[in-house]
Amino acid sequence: MVTEDRTAVSEILLTDLPPTRRQTRAAIAVLLIVLVGFAAVVPFSDRPVVALNAFFPSLDAIVLVTDLITAVLLYAQFSISRSRSLLALASGYLFTAFIVIPHALTFTGAFTPTGLFGAGPQTGSWLFIFWHVGFAVALLGYAISKDAKHDGLASEAPVGREIGWCAATVVALVIGITWLTTAGEALLPPIVLDGSRLSPFVIYPIWFTILITAAGLTVLLIRRRSVLDLWLIVVAAVFIAELAFSGLLPTVRFSAGFYAGRVFSLITSSIVLIILLAETTWLYVHLARSNDVLQREQHNKLASMEAMAALIMHEVNQPLGSILTNVETMQSMLESPTPNISEIREIAADINRDDVRASEVLRRIRTLLKKVPFEVKPIELNENVRQAVAVLSGQAAARQVDVSTAIGPPLLPISGDRVQIQQALVNLIVNAMDAMSEIPASRRRLTIQTSLRGEFAEVAIADAGPGIPPDKLQGVFEPFVTTKAHGMGMGLSIARSVIEAHNGTISAHNQPRGGAVFRIRLPLRKS
Ligand code: ADP
C-alpha cells in the first residue's frame with residue numbers, strides 16, 4: 001500500500017518528472033548566457049578591481065539563505081521518494097549553507113581585520129575550498145546513486161531520524177573544518193601569498209574540485225532523466241566556471257575574474273531553488289485546477305441526482321394523486337347507507353390501473369437512465385390520447401374542468417413507446433388543468449384535438465387559463481423552470497425529451513383569445 005502511494009506521489013517529484021522541451025531549451029539558454037559571460041570576462045580576469053571586503057560576507061548571507069531553503073525543499077522531496085541520491089544532494093546544499101557562516105565570519109577585513117575565531121590569512125580561502133569540494137562530492141554522490149538499484153528506499157528508518165542524522169553529520173563536518181582551518185591553519189599549505197596575490201598551490205585543490213564536478217557532470221549527462229538532472233547539469237557547468245575564476249584564471253584576488261566567480265557562485269546556489277519553487281508553484285496550480293474540476297464534477301453529480309429525484313417524484317406524483325382522489329371518493333361512497341357497489345368496483349379498477357401505471361413509469365425511468373433504447377412499437381395516437389384522457393377523467397371531474405376532445409381522422413398510426421408518449425400527454429393535460437385552477441369553474445375548458453399535418457400526426461392541448469408568462473415562453477421546456485409554488489419544472493422538459501426521442505416536435509404558444517396551447521407532432525408510421 002505504502003509503495004503504491006509512493007509511486008503515485010513520485011509522479012509529481014522533480015526527480016521523476018522528465019523535462020519538457022521548453023525546460024530543456026531554457027536550460028540550454030542559461031548555459032549559453034553563462035558561457036558568453038564567462039568568455040567575456042576571461043580577457044579581463046586579472047584586471048584589478050577595488051577590494052570590497054563587505055561584498056563577500058553579504059554574498060555568503062545570500063548563499064546561506066538560498067542553499068538552506070534548497071536543502072529543506074530537497075529533504076521534503078526525499079521524505080516522499082526516500083531516495084539516497086536526494087538525501088546526498090540535500091545534505092550537500094545544507095553543507096554549503098552552513099559552511100558559508102564561518103567563511104563570512106573569518107573573512108579578512110570583513111568583521112575584524114584578520115577575521116573572527118582567531119582566523120589566519122589562509123582560513124577564508126581554505127573554507128572556500130572545502131565548501132566547493134563538499135558540494136562537488138554531493139553532486140557526484142547524487143549522480144552516481146540516482147539510478148542505483150537500491151535508490152528507491154534509503155532505509156526503513158523514519159524519515160525525520162534519517163534527515164536528523166545527515167544534518168548532524170553536516171554540522172559536525174562544518175565545525176571540524178572550521179576548527180581545522182582556524183586552529184590548524186598553520187598546518188595547511190598557503191593559498192594566498194599576501195592580501196591580494198594567490199599562491200601557485202591554489203590550482204591543485206581547484207583542479208581537484210573541478211575534476212570531481214566534471215565526473216558528476218559526465219555521469220549526469222549520460223544518465224539524465226529528470227528535470228532536476230537537467231538543471232543540475234547547468235549547475236555543474238556554472239560551478240566549473242566559478243572554480244576557474246577562483247584560482248585558475250585570475251592570479252590576484254579582487255580582480256574582475258575573482259568577482260565574476262562570486263557572481264557565478266550566486267547562480268549555482270539559486271538555480272535549483274528557483275526550479276524547485278517554480279515547479280512547486282506549477283504543481284500547486286495544477287492541483288488547484290484538478291481540485292476545481294473534481295469539485296465541479298461532484299456538484300454536477302449532485303445536480304443530476306437532484307434532477308433524477310425530481311423526475312421520479314414528478315412522474316410518480318401523478319398516479320399517486322389519482323389514487324388518493326379515488327380512495328377519498330370511495331371512502332365517502334362507502335359512508336352512504338346504500339353504497340353503489342358497481343361504481344366502487346369501477347373506482348377500485350381505476351386505483352389498480354393507476355398503481356400499474358406508477359410502477360410502469362418507474363420502470364421506464366430506469367430504462368431511460370440506463371440509456372436503453374425505448375421500445376418502438378406501432379401505436380395509434382388517437383387511441384393513446386383517449387387513454388390519457390381516461391386516466392385523468394377522475395381528476396378533471398374533481399377539479400371541475402370540462403374536457404372536450406376532437407379526435408381527428410379515424411387513425412393516426414405512429415411508432416414508439418406507448419407509455420412514454422402517454423406520460424407526455426398526461427403532463428400537458430395536468431399542466432392545463434393546473435393553469436385553470438384560479439379561474440371560475442364555469443370557464444375551465446380544456447380542448448384536446450388530434451389532426452393530420454402532412455407527414456405528421458398532431459395533438460393540440462388548449463386551455464382557458466392565463467397563458468404562459470411571456471418571459472417564460474422561451475425557456476418553458478428547460479428543466480427546473482416553474483411558476484408553481486410546489487412545482488419542479490421537470491414535466492415539460494421530460495415531455496420534450498420523450499417527443500424528440502421519437503423524432504417529433506413539441507411547441508408552446510399563447511392563444512390570441514387567452515390560454516395556452518401545446519402542440520405535439522409525431523411522424524406518421526411509414527407503410
Ligand atoms: P411544473 O408543472 O412542475 O411547474 P412543467 O415543466 O410541467 O413543471 O411546467 C413548467 C412551467 O410552465 C409551469 O410552472 C408553468 O409556469 C408553465 N406552464 C406549463 N403549462 C402551462 C399552461 N398550460 N398554461 C400556463 N403556463 C404553463
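Owing to the predicted nature of the structure, the values given are computational and were not obtained by experimental measurement.
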Please test Ser85 against Phe78 for side-chain contact (heavy atoms from CB on, under 4.5 Å), starting from the C-alpha separation and ending with a verdict.
CA-CA 9 Å; Ser85 50; Phe78 160 75; over 6 Å; no
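- Between Pro410 and Asn382 the shortest heavy-atom distance is O-ND2, 3.3 Å.
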request  = List the steps, then state whether side-chain contact (heavy atoms from CB on, under 4.5 Å) holds for Leu492 with Phe518.
outcome  = CA-CA 10 Å; Leu492 289 182; Phe518 281 79; 3.8 Å; yes
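- Judged by distance alone, the side chain of Asn510 and the main-chain N or O of Ile468 form a donor-acceptor pair under 3.5 Å.
- When side chains are defined from C-beta on, Tyr75 does not count as touching Leu86, because their heavy atoms never get closer than 4.5 Å.
- The minimum heavy-atom distance linking Ala424 with Ile499 is given by the pair CB-CD1, 4.2 Å.
- Counting heavy-atom neighbours within 6.0 Å of Arg445 CZ, excluding the residue itself, gives a total of 12 or less.
- Taking CG from Leu64 and OG from Ser269, the interatomic distance works out to 9.5 Å, rounded to the nearest 0.5 Å.
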Which pairs would a plain distance check flag for residues 270-281, meaning a side-chain donor or acceptor within less than 3.5 Å of a matching protein atom at least two apart in sequence or in another chain?
| unit_1 | atom_1 | unit_2 | atom_2 | d |
| --- | --- | --- | --- | --- |
| Ser270 | OG | Leu266 | O | 2.7 |
| Ser270 | OG | Ile267 | O | 3.4 |
| Glu279 | OE2 | Gln23 | NE2 | 2.6 |
| Thr280 | OG1 | Leu276 | O | 2.4 |
| Thr281 | OG1 | Leu277 | O | 2.6 |

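- Here the side chains of Pro413 and Leu524 are in contact, with some heavy-atom distance below 4.5 Å.
- Residues Glu383 and Arg418 are not paired through a salt bridge, judged by the lack of any N-O separation under 4.0 Å between the basic side chain and the carboxylate.
- Listed for the Asn340 side chain is no donor-acceptor partner under 3.5 Å among the backbone atoms of Met333.
- Inter-residue side-chain proximity for Gln318 and Val391 is flagged as unmet; no heavy-atom pair is nearer than 4.5 Å.
- The structure places CD of Gln331 at 7.0 Å from CD of Glu328, a figure rounded to the nearest 0.5 Å.
- Using a 4.5 Å cut-off on side-chain heavy atoms (C-beta onward), Asp350 and Arg353 make contact.
- Under a 3.5 Å cut-off, the side chain of Arg444 and the backbone N or O of Met436 do form a donor-acceptor pair.
- Remark: of the listed residues Tyr93, Phe98, Phe95, Tyr93 is the sole one forming a side-chain contact (heavy atoms from CB on, under 4.5 Å) with Asp67.
- Thr325 places a side-chain N or O within 3.5 Å of a backbone atom of Gly321 that can act as its donor or acceptor partner.
- Put simply, the side chain of Asp463 never gets that close to the backbone of Leu446: no donor and acceptor are under 3.5 Å apart.
- Nearest heavy atom pair, residue Ser265 against residue Val63, reads OG-CG2, 4.4 Å.
- Of the possible polar contacts, one joining the Thr450 side chain to the Gly408 backbone as a donor-acceptor pair under 3.5 Å is found.
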- Query: Hey, mind stepping through Leu232 and Leu89 against side-chain contact (heavy atoms from CB on, under 4.5 Å) and telling me if it holds?
  - Reply: CA-CA 10 Å; Leu232 283 176; Leu89 190 67; 3.6 Å; yes
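- The backbone N or O of Lys484 lies less than 3.5 Å from a partner atom in the side chain of Thr482, making a donor-acceptor pair.
- Pairing each heavy atom of Ile506 with each of Ala495, the nearest pair is CD1-CB, 4.1 Å.
- For Phe239, the ring-ring contact (aromatic ring centres under 6.0 Å, His included) partners at least two apart in sequence or on another chain are His132, Phe135.
- Atom CD of Gln474 has 12 or fewer neighbouring heavy atoms from other residues, nucleotides or ligands inside a 6.0 Å radius.
- Two residues are said to be in side-chain contact when any heavy atoms from C-beta on lie closer than 4.5 Å; Gln423 and Ile494 fail this criterion.
- Asp229 and Lys146 get closest at one heavy-atom pair: OD2-NZ, 2.6 Å.
- Here the straight-line distance linking atom OG of Ser79 with atom CD1 of Ile163 works out to 5.5 Å at 0.5 Å rounding.
- Here the OG1 atom belonging to Thr96 is positioned 10.5 Å from the CD1 atom belonging to Ile101, to the nearest 0.5 angstrom.
- Ser336 contributes no side-chain N or O that, together with a main-chain N or O of Ser332, makes up a donor-acceptor pair within less than 3.5 Å.
- In this structure, Arg223 places its CZ atom where more than 12 heavy-atom neighbours from other residues, nucleotides or ligands lie under 6.0 Å away.
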Discussion item. Between Val376 and Asp417, is the side-chain contact (heavy atoms from CB on, under 4.5 Å) condition met? List the steps.
Written reply: CA-CA 5 Å; Val376 180; Asp417 189 306; over 6 Å; no
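- Note that CE of Met433 and CZ of Arg399 are 5.5 Å apart. Values are rounded to the nearest 0.5 Å.
- Ile461 CD1 to Gln449 CD: the interatomic distance, rounded to the nearest 0.5 Å, is 11.0 Å.
- Other residues, nucleotides and ligands contribute at most 12 non-hydrogen atoms within 6.0 Å of the CZ atom of Arg224.
- With Gln511 contributing its side chain and Gly467 its backbone, the two residues share no donor-acceptor pair below 3.5 Å.
- One N or O on the side chain of Glu380 and one on the backbone of Leu412 form a donor-acceptor pair closer than 3.5 Å.
- For Arg357, the salt bridge (Lys or Arg N to Asp or Glu O under 4.0 Å) partners at least two apart in sequence or on another chain are Asp354.
- Inter-residue side-chain proximity for Phe477 and Ser493 is flagged as unmet; no heavy-atom pair is nearer than 4.5 Å.
- Under the 4.5 Å side-chain criterion, counting only non-hydrogen atoms from C-beta, Leu31 is not in contact with Leu35.
- Val498 approaches Ile421 most closely through the heavy-atom pair CG1-N, 4.2 Å.
- At least one side-chain heavy atom of Leu428 sits less than 4.5 Å from a side-chain heavy atom of Ile520.
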